[in-house]
Asker: 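I have a structure here, written as structure tokens, and I will follow up with some questions on it.
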Amino acid sequence: MAPRTVLAVLFDGLQSLDVTGPLEVFAGADLLSPGAYRIRTASLDGAPVRTTSGLTLVPDESLAGAKDPDILLVPGGPGSLRPDPRLVDWVRERGPRAARLVSVCTGAAVLAGAGLLDGRRATTHWAYCDRLAREHPAVEIDPDPVYVRDGHISTSAGVTAGIDLALALVEEDLGRDAALTIARHLVVFLRRPGNQAQFSAQLAAQTAQREPLRDVQRWITDHPDADLSVDTLADRARLSPRHFARAFRAETGMTPGRYVDRVRLEHARRLLEDTADGVEEIARTSGYGTPEAMRRAFVRTLGTPPAEYRRRFRPATTS
């Protein structure tokens, strides 16, 4: 089988990890399966570029001279938010020719500027989702997932999400065992499905300003198996249920019920990934009560039941 060509687009002001993270995945795959991938880098004029960390990257060639790749990778960084118009024009012309078009972090802004995300679902770094949605209303921006795949175009969230997406592409090409081997070599988890949230519940929600509400947030995290009804939480905060629910949403950005749901799901996920505890015990200690209630929550949020989640995302044991 001919190597799959991976072409990474370079420009001044890119986030270096947005490039090096995914390319290390493809390079690892090529070591594991020689000839699987051929990695190239290119800038507008073939000149070196300066990254946000101060590193200088020297491309293999100019974009004008680059052949159409199988995988075209557009990284993020401040330079992607103020791209050279020539770069946008090049991506507009050449992006549709790639078998897979991939953006990492705010690289999605370049794809959107080229009109390639119109009518599609996409994601980017959480801090730029609102901006991308305002500037490109024809794009359906989903701020929650680690990455989104819509047809041949894939967009990912910040930095390490590019590694998750690259591992998913390698798994598609070479199989799960190959992707797991690369993940272990890079000391990263092959754990995050694309629809996993970019944040934990604690990071996704704002920290409440008032101490009683902050105490409630900590209590929920530490006691997912407790009675976490609005009435009980309101009593802990010494507020009426109605006042508590209104204040919690105003200060954290989500309802108490939504926050509890996220905390319980994360607690169950961690136990499935990191322990050998049975599903029934995990359901109980995570606050679901029954395996069926936990199964419904997993299917609704992650699209997979707990047993399948564990099979796919628990690290393999090594001696």
Side-chain angles (χ1 to χ4, degrees), residues 126 143-147 156-161 163-165 167-168 171 176-177 179-208 213-230 232-233 236 248 252-319:
W126 63 268
D144 204 35
V146 172
Y147 59 82
S156 61
V159 189
T160 56
I163 296 176
D164 291 302
L165 178 52
L167 285 167
E171 180 176 359
R176 182 172 182 270
D177 288 345
L180 278 169
T181 298
I182 296 161
R184 286 195 293 267
H185 179 71
L186 295 175
V187 198
V188 298
F189 288 116
L190 182 66
R191 299 293 141 254
R192 300 198 293 177
N195 58 358
Q196 181 170 316
Q198 291 189 32
F199 301 123
S200 66
Q202 293 84 350
L203 291 177
Q206 304 166 37
T207 300
L213 297 180
R214 289 200 300 272
D215 175 71
V216 166
Q217 287 182 287
R218 289 191 293 267
W219 174 260
I220 292 170
T221 300
D222 293 340
H223 303 85
D225 58 339
D227 177 3
L228 301 179
S229 64
V230 169
T232 299
L233 297 177
R236 185 170 188 84
F248 190 95
T252 68
M254 63 177 65
T255 65
R258 176 65 169 158
Y259 190 83
V260 168
D261 287 344
R262 287 198 172 195
V263 167
R264 284 177 167 162
L265 187 71
E266 287 165 16
H267 187 267
R269 275 187 24 244
R270 286 195 298 271
L271 293 178
L272 287 168
E273 294 170 7
D274 299 335
T275 76
D277 294 349
V279 170
E280 186 170 352
E281 181 180 357
I282 291 174
R284 179 179 54 78
T285 58
S286 299
Y288 289 109
T290 67
E292 176 57 25
M294 186 169 78
R295 190 194 70 81
R296 289 197 300 268
F298 267 68
V299 171
R300 181 175 62 252
T301 306
L302 299 176
T304 186
E308 176 63 14
Y309 182 92
R310 167 172 272 173
R311 188 192 72 79
R312 292 183 61 194
F313 302 116
R314 186 182 179 194
T317 56
T318 56
S319 57

Asker: Going from CZ on Arg310 to OG1 on Thr304, what distance comes out if it is rounded to the nearest 0.5 angstrom?
Answerer: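 Nearest 0.5 Å value for the CZ-OG1 distance: 13.0 Å.
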
Asker: Just how far is it from atom CD of Glu280 to atom OG1 of Thr285, taken to the nearest 0.5 Å?
Answerer: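 Glu280 CD to Thr285 OG1: 11.0 Å, rounded to 0.5 Å.
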
Asker: Looking only at non-hydrogen atoms, find the nearest pair between Val263 and Thr221 and report the distance.
Answerer: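 That closest heavy-atom pairing would be CG1-CA, 3.9 Å.
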
Asker: Using the rule given for side-chain contact (heavy atoms from CB on, under 4.5 Å), can you reason through Tyr259 versus Thr252, listing the C-alpha separation, both sets of side-chain angles and the distance that settles it, and then say yes or no?
Answerer: CA-CA 9 Å; Tyr259 190 83; Thr252 68; 5.5 Å; no

Asker: Which atoms form the tightest heavy-atom contact between Pro291 and Val279, and what is the distance?
Answerer: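 Looking at all heavy atoms of both residues, the shortest contact is CB-CG1, 4.1 Å.
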
Asker: What pairs of residues pass the ring pair (Phe, Tyr, Trp, His ring centres under 6.0 Å) test when at least one of them lies in residues 275-295, not counting sequence neighbours?
Answerer: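 Listed once each, the pairs would be none.
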
Asker: Take Leu271 and His267, measure what side-chain contact (heavy atoms from CB on, under 4.5 Å) needs, and give me the verdict at the end.
Answerer: CA-CA 6 Å; Leu271 293 178; His267 187 267; 3.4 Å; yes

Asker: To the nearest 0.5 Å, how far apart are CG in Leu302 and CD in Glu308?
Answerer: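 So the gap between those two atoms works out to 12.0 Å.
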
Asker: Any donor and acceptor pair, going by atom type alone, linking the side chain of Arg295 with main-chain N or O of Pro305 inside 3.5 Å?
Answerer: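 Such a contact is absent between Arg295 side chain and Pro305 backbone.
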
Asker: For Met294 versus Ala268, what's the shortest heavy-atom pair and its separation?
Answerer: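 In this case the closest contact between Met294 and Ala268 is SD-CB, 3.8 Å.
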
Asker: I'd like to check the side-chain hydrogen bond (donor to acceptor under 3.5 Å, both in side chains) partners of Thr290; sequence neighbours left out, ordered by chain and number.
Answerer: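 Residues passing side-chain hydrogen bond (donor to acceptor under 3.5 Å, both in side chains) with Thr290: none at all.
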
Asker: Report the residues that fulfil side chain to side chain contact (heavy atoms under 4.5 Å, CB included) with Arg258, sequence neighbours left out, ordered by chain and then residue number.
Answerer: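 Residues passing side chain to side chain contact (heavy atoms under 4.5 Å, CB included) with Arg258: Met254, Thr255, Arg262.
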
Asker: I need the Asp222 CG to Asp215 CG distance, nearest 0.5 Å.
Answerer: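 Asp222 CG to Asp215 CG: 9.5 Å, rounded to 0.5 Å.
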
Asker: Can a donor-acceptor pair be found, under 3.5 Å and without considering hydrogens, that links the side chain of Thr181 to the backbone of Asp177?
Answerer: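 Yes: the side chain of Thr181 pairs with the backbone of Asp177.
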
Asker: Please round to the nearest 0.5 Å and tell me the distance separating atom CZ of Arg300 and atom CG of Asp261.
Answerer: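 Answer rounded to 0.5 Å: 6.5 Å.
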
Asker: Which pair of heavy atoms, one from Ser156 and one from Ala161, lies closest together, and at what distance?
Answerer: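 It is CB-O, 3.9 Å.
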
Asker: Check Val216 against Leu233 and note the closest heavy-atom contact, atom names and distance.
Answerer: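 Closest approach of Val216 to Leu233: CG2-O, 3.8 Å.
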
Asker: Working to the nearest 0.5 angstrom, can you tell me the gap between Phe248 CZ and Leu213 CG?
Answerer: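 Reported value, rounded in 0.5 Å steps: 7.5 Å.
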
Asker: Looking at Arg269 and Glu266, is there a salt bridge between them, counting it only when a charged N and a carboxylate O are closer than 4.0 Å?
Answerer: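 Salt bridge between Glu266 and Arg269, a charged N being under 4.0 Å from a carboxylate O: no.
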
